[in-house]
Amino acid sequence: MSFSSQIKDELSHQMSQARHCQIAETAAILSLCGRIQISGDDRYSIKIHTENVTVARKYFTLLKKTFNIVTEISVRRNVHLSKNRIYSVCIRQNEDALRVLRATKLLSEEGEVGENLSVVGNVVVQNPCCRRAFLRGAFLAAGSVSDPEKFYHLEIVCATEPKAKQIRSIMATFGIEARIVVRKRHYVVYIKEGNQIVDMLNVMEAHRSLMEFENVRILKEMRGNVNRQVNCETANINKTVSAAISQIEDITYIRDRLGFESLPDGLAQIARARLMKPEATLKELGEDLDPPVGKSGVNHRLRKLSELAGKLRDQGTGNLNGN
């Protein structure tokens, strides 16, 4: 089961106790995957189509619990994807359809099909608890979340821009900053930040999935920190080894050209120490000296040796050019 399917399965069992919240969730499902049909004699029917059995089950339960309506359920295979099934939940009785449409504010008192898309003006989503239920229904109907092991991405696909803006506005009332992008004639409301997805799961009350998402995030962060630390330590080791090799080359060149006897005592001392312990750090080299020398002191002496080796090489090159 995918992570999205796992969340939807959890949400399908999440039933609000208040009737107004149940209406808000029903409104979201109808708005995003429902169809309203009007016959020639002005009789209404409602049908939703979904490839997810959990959405069909939740919608069926909401209609039964909220409106005491018995619906028809049919199943057929998707002609484009032979392995997928399409579930249809239908309200065929005109009186039942009108009750649902008026309660969800998808039908005006004048009989006009539409929806007040204002977050403030729409009574269906005036209360915070109803906005939670609405987002839960919207995600059930048209939402998905990527596998958090791979990357973070939550989205809800809408057929129209006003609907996408409404969902984004409702998310914003909970401090969730979503964006909208157009994809194949659809408007996609999406979130990419892990913290924001956690907030969204919390708003929808998908607490079990939230904990799993957080566990994955913690493990990924720990692995990332370990990798960064290992990379940093590896880079430091490579830097130290490269510096030590360069220092040994300089010291060997000085020894072969001048001998250590011609060097000041401090430089001769650190030169011998470096040749004896090529793998030692600057701090370890300083501690072995008599008297001990700090890290900055060791670095200063080695830099002096490097400068001397450079001068000797320049002199040697000059002699060759002169000959």
Side-chain angles (χ1 to χ4, degrees), residues 4-5 7-37 44-75 85-93 96-107 113-117 119 122-125 127 129-145 154-160 162-164 166-171 186-189 200-201 203-206:
S4 279
S5 297
I7 296 173
K8 290 188 177 185
D9 182 66
E10 181 179 359
L11 294 180
S12 70
H13 294 90
Q14 181 73 28
M15 182 63 68
S16 301
Q17 296 302 311
R19 186 173 186 271
H20 48 82
C21 293
Q22 296 168 8
I23 290 173
E25 190 167 354
T26 304
I29 295 174
L30 276 177
S31 180
L32 288 167
C33 65
R35 293 181 182 176
I36 301 171
Q37 297 175 329
Y44 290 82
S45 63
I46 305 171
K47 181 181 290 187
I48 73 157
H49 299 286
T50 177
E51 293 182 0
N52 195 313
V53 66
T54 59
V55 178
R57 182 174 63 231
K58 183 63 177 288
Y59 180 57
F60 176 88
T61 305
L62 281 168
L63 292 175
K64 177 65 178 176
K65 188 176 182 65
T66 311
F67 300 98
N68 195 28
I69 293 175
V70 177
T71 57
E72 295 180 16
I73 300 178
S74 60
V75 184
R85 295 179 178 178
I86 295 179
Y87 301 86
S88 298
V89 183
C90 303
I91 304 175
R92 298 197 182 279
Q93 295 299 320
D96 291 340
L98 287 174
R99 276 200 297 136
V100 173
L101 292 173
R102 286 170 180 158
T104 55
K105 304 305 176 187
L106 295 172
L107 187 70
V113 176
E115 181 181 1
N116 180 0
L117 295 170
V119 176
N122 193 339
V123 296
V124 173
V125 290
N127 300 323
C129 57
C130 293
R131 291 197 288 272
R132 289 177 181 271
F134 189 91
L135 290 177
R136 183 163 57 243
F139 182 84
L140 271 169
S144 64
V145 179
L154 179 148
E155 68 178 36
I156 296 176
V157 181
C158 305
T160 65
K163 172 56 62 182
Q166 183 196 35
I167 291 175
R168 183 180 63 181
S169 297
I170 293 174
M171 289 180 178
H186 288 89
Y187 295 85
V188 182
V189 185
M200 182 65 175
L201 293 175
V203 165
M204 296 188 300
E205 299 178 290

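Model, not experiment: these values are computed from the prediction.
Atom CZ of R131 is separated from atom CE of M171 by 13.5 Å, given to the nearest 0.5 angstrom. The structure places CD1 of I36 at 7.0 Å from CG of L30, a figure rounded to the nearest 0.5 Å. Rounding to the nearest 0.5 Å places CZ of F60 at 5.0 Å from CD1 of I73. With rounding to the nearest 0.5 angstrom, the CZ atom of R99 is 10.0 Å from the CG atom of L63. The OG atom of S4 sits 8.5 Å away from the CD atom of E155 when rounded to the nearest 0.5 Å. Rounded to the nearest 0.5 Å, atoms CD1 (I69) and NZ (K64) are 10.0 Å apart.
What you find for T54 and S12 is that their closest heavy atoms are O-CB, 3.7 Å. A pairwise comparison of heavy atoms in H20 and C130 identifies ND1-SG, 3.1 Å as the closest pair. F67 and A103 get closest at one heavy-atom pair: CE2-CB, 3.6 Å. The two atoms that bring G137 and I29 nearest to each other are O-CG1, 3.6 Å, heavy atoms only. L11 and R136 make their closest contact through CD2-CD, 3.7 Å (heavy atoms, listed as atom of the first residue, atom of the second, distance). Considering every non-hydrogen atom in both S16 and E25, the closest pair reads OG-OE1, 4.5 Å.
Counting heavy atoms from C-beta on, the side chains of Y59 and L140 never come closer than 4.5 Å. Annotation: side chain of V55 is not in contact with side chain of Y87 (no heavy-atom distance under 4.5 Å). The shortest side-chain heavy-atom distance between I167 and L32 falls under the 4.5 Å cut-off. For the pair L106/I46, no side-chain contact is recorded, criterion being any heavy-atom separation below 4.5 Å from C-beta on. Residues C158 and Q166 have side chains not in contact (no heavy-atom distance under 4.5 Å, counting atoms from C-beta outward). The side-chain heavy atoms of H13 and R57, taken from C-beta on, include a pair separated by under 4.5 Å. A 4.5 Å side-chain heavy-atom check between K58 and T50 finds every atom pair outside the cut-off. Under the 4.5 Å side-chain criterion, counting only non-hydrogen atoms from C-beta, I156 is in contact with M200.
Y187 is linked by a side-chain contact (heavy atoms from CB on, under 4.5 Å) to E161, A164, I180, V182, counting only residues two or more places apart in sequence or in another chain.
In this structure, S31 contributes its side chain and A28 its backbone to no donor-acceptor pair below 3.5 Å.
The pair E205-R132 does not count as a salt bridge, with every side-chain nitrogen at least 4.0 angstrom from each carboxylate oxygen.
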